[in-house]
Amino acid sequence: QMQLVESGGGLVQAGGSLRLSCAASGRTFISYAMGWFRQAPGKEREFVAAISMRLAITSYADSVKGRFTISRDNAKNTVYLQMNSLKPEDTAVYYCAATLVALPRRDVGSYNYWGQGTQVTVSS
């Protein structure tokens with residue numbers, strides 16, 4: 001089992017920034033590609049960003065490209081999501097996830113482990 005714990009969510013005004021962190025334990029972190037997803041009330045969980053096991057190959061949803069940056073620190077077993085220029089439509093619970101697939105994946109079904117989520121609220 002891998003445990004994932006997100007942190008860094010909160011309330012921010014539109015145009016502001018937040019940095020989410022996801023700390024992993026229980027498995028060899030570098031063996032997993034990592035992803036961030038989000039789910040707003042009444043909506044399905046959607047892909048935000050992902051990063052490969054090695055080489056830091058990244059993938060982003062069109063809605064966040066140029067505003068969000070995913071990164072990982074394998075020495076700290078942590079993946080980050082830097083979110084800039086936040087918009088009210090970014091409001092959601094953000095989830096961290098891990099997959100044994102080497103390259104970044106956009107589909108929920110590819111991920112083996114999930115965190116409990118952290119709330120991000122962007123006010124207008």
Side-chain angles (χ1 to χ4, degrees):
Q1 279 289 81
M2 173 180 270
Q3 291 77 43
L4 301 172
V5 180
E6 303 97 334
S7 61
L11 173 64
V12 63
Q13 287 189 330
S17 298
L18 282 175
R19 188 195 197 201
L20 305 184
S21 299
C22 173
S25 62
R27 292 281 184 174
T28 304
F29 182 68
I30 201 170
S31 297
Y32 293 80
M34 302 297 295
W36 285 98
F37 290 76
R38 65 187 182 188
Q39 189 166 18
K43 295 189 177 181
E44 291 188 351
R45 193 167 297 189
E46 65 174 3
F47 171 77
V48 175
I51 188 166
S52 62
M53 293 180 190
R54 296 176 177 86
L55 303 181
I57 299 169
T58 58
S59 177
Y60 295 94
D62 288 344
S63 59
V64 307
K65 200 172 293 184
R67 300 189 297 123
F68 291 12
T69 302
I70 188 172
S71 62
R72 65 188 294 163
D73 185 336
N74 291 331
K76 295 183 178 180
N77 291 353
T78 301
V79 61
Y80 304 97
L81 185 68
Q82 178 67 44
M83 306 187 294
N84 298 329
S85 302
L86 282 161
K87 304 175 181 180
E89 51 263 45
D90 294 319
T91 295
V93 176
Y94 282 70
Y95 296 90
C96 169
T99 174
L100 284 167
V101 178
L103 294 176
R105 295 297 300 251
R106 295 173 170 245
D107 54 308
V108 170
S110 288
Y111 288 80
N112 307 95
Y113 300 104
W114 292 84
Q116 82 290 347
T118 186
Q119 177 70 47
V120 172
T121 303
V122 184
S123 63
S124 57

CG of Asp90 to CE of Met83: how many Å apart, nearest 0.5 Å? 7.5 Å
For Leu18, the option from Asn84, Val120, Leu11 that meets side-chain contact (heavy atoms from CB on, under 4.5 Å): Val120
For Ile51 and Ala56 the tightest heavy-atom approach is CG1-CA, 3.9 Å
Quick one, Cys22 and Thr78 - any side-chain contact, counting heavy atoms below 4.5 Å? no
Let's go through Phe37 and Trp114 carefully: what are the C-alpha distance in whole Å and the side-chain angles of both, what is the deciding distance for ring-ring contact (aromatic ring centres under 6.0 Å, His included) to 0.1 Å, and is it a yes or a no? CA-CA 10 Å; Phe37 290 76; Trp114 292 84; 5.0 Å; yes
If hydrophobic clusters are built from ILVMFWY residues whose side chains come within less than 4.5 Å, do Val108 and Trp36 share one? no
Looking only at atom types and distance, does a side-chain atom of Gln39 sit under 3.5 Å from a main-chain N or O of Val93, one as donor and one as acceptor? no
Do Gln82 and Leu20 have side-chain heavy atoms sitting under 4.5 Å apart? no
Identify whether NZ of Lys or CZ of Arg in Arg45 sits under 6.0 Å from the centre of the six-membered ring of Tyr95 and within 45° of that ring's axis. yes
Tell me whether Val101 shares a hydrophobic cluster with Leu4, the cluster being built from Ile, Leu, Val, Met, Phe, Trp, Tyr side chains joined at under 4.5 Å. no
Determine whether Phe68 and Val122 fall in the same hydrophobic cluster, where Ile, Leu, Val, Met, Phe, Trp and Tyr are linked whenever their side-chain heavy atoms lie under 4.5 Å apart. yes
List the atom of Met2, the atom of Ala98, and the distance in Å for their closest heavy-atom pair. SD-CB, 3.5 Å
Give, for atom OG1 of Thr121 and atom CD of Gln13, the distance between the pair rounded to the nearest 0.5 Å. 13.0 Å
Approximate separation, where rounding is to 0.5 Å, of Arg38 CZ and Thr118 OG1: 14.0 Å
Is it the case that Arg19 places NZ or CZ above or below the six-membered ring of Tyr80, under 6.0 angstrom from the centre and within 45 degrees of the axis? yes
Using side-chain heavy atoms (C-beta onward) and a distance below 4.5 Å, is Tyr32 in contact with Met53? no
Between CG on residue Leu103 and OG on residue Ser110, distance to nearest 0.5 Å: 11.0 Å
Taking atom CZ of Arg72 and atom OG1 of Thr58, what is their separation to the nearest 0.5 Å? 12.0 Å
Tell me whether Glu6 contacts the main-chain N or O of Gln116 through its side chain, where contact means a donor paired with an acceptor under 3.5 Å. yes
Sidechain-backbone polar pair: Ser52 side chain, Arg54 backbone, donor-acceptor under 3.5 Å: yes
Are Val12 and Tyr94 connected, step by step, through hydrophobic side chains (Ile, Leu, Val, Met, Phe, Trp, Tyr) whose heavy atoms are closer than 4.5 Å? yes
Flag, side chain of Ser59 to backbone of Ala50, donor-acceptor distance under 3.5 Å: no
Joint cluster assignment, Phe29 & Leu100, ILVMFWY side-chain distance < 4.5 Å: yes
Give a yes or no answer on whether the side chain of Ser63 reaches the backbone of Ala61 with a donor-acceptor pair at less than 3.5 Å. no
Closest non-hydrogen atom pair between Ala33 and Tyr111, with its separation: O-CE2, 4.4 Å
Between Phe47 and Tyr60 (judged by ring centroids, cut-off 6.0 Å), do the two rings come close enough to count as a pair? no
Tell me the closest heavy-atom pair linking Ser17 and Ser85, and the distance in Å. OG-N, 4.3 Å
Using the side-chain contact (heavy atoms from CB on, under 4.5 Å) rule, take Asn77 and Ser25 through it: C-alpha gap first, then chi angles, then the decisive distance, then the call. CA-CA 7 Å; Asn77 291 353; Ser25 62; over 6 Å; no
